[in-house]
Asker: 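The structure's right below; bear with me while I get my questions together.
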Amino acid sequence: MQISMTKCPICNGIKELSSVTFTVDLGTNLIVVRNTPAMVCSSCGEEWINDETSESLEQVVLEAKAKNRMIEVVDFVLENVA
Ligand SMILES: [Zn+2]
């Protein structure tokens with residue numbers, strides 16, 4: 001399935017590159033990742049994160065989880081930048 005890079009599939013609005021705050025609720029811990037790069041629809045606010053970003057996000061979440069704090073707030077850091 002081909003997904004348009006610029007049009008929102010929900011409302012047909014325009015997607016724009018932005019940064020979002022990504023929240024992961026693990027039940028025992030809440031991890032908040034700020035400054036996560038994402039495409040955001042300028043009309044309905046829907047967010048999309050690309051594969052590269054979601055892989056890095058997974059690492060960030062794992063590291064934050066290892067700290068075992070109830071609430072961990074981190075800034076998104078893109079690893080393996082080419
Ligand atoms: Zn939209």
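Counting convention: from 1, in listed order, for ligands and their atoms alike. Model, not experiment: these values are computed from the prediction.
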Asker: So among V32, L57, I31, which one has a side-chain contact (heavy atoms from CB on, under 4.5 Å) with F22?
Answerer: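 Per the side-chain contact (heavy atoms from CB on, under 4.5 Å) rule, the option paired with F22 is L57, out of V32, L57, I31.
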
Asker: With a 4.5 Å cut-off on side-chain heavy atoms, are V40 and E16 touching?
Answerer: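 Not touching, per the 4.5 Å side-chain cut-off.
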
Asker: Could you pull out the closest heavy-atom pair between K7 and K15, with the gap in Å?
Answerer: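 Heavy atoms only, the tightest pair is O-CE, 3.1 Å.
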
Asker: Treating N29 as the side-chain partner and N68 as the backbone partner, does any N or O pair qualify as donor plus acceptor under 3.5 Å?
Answerer: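 Side chain of N29 to backbone of N68: no pair is present.
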
Asker: Could you verify whether a donor N or O on one side chain and an acceptor N or O on the other, from T53 and N50, lie under 3.5 Å apart?
Answerer: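 A donor-acceptor contact under 3.5 Å links the two side chains.
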
Asker: Check for me, please, whether V61 and L30 land in the same ILVMFWY cluster - side-chain distances under 4.5 Å, paths through other members count.
Answerer: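 No, V61 and L30 fall in different hydrophobic clusters.
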
Asker: Measuring from the Zn ion (ligand 1), count protein N/O/S atoms under 2.8 Å, please.
Answerer: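 Atoms of protein N, O or S type lying less than 2.8 Å from the Zn ion (ligand 1) total 4.
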
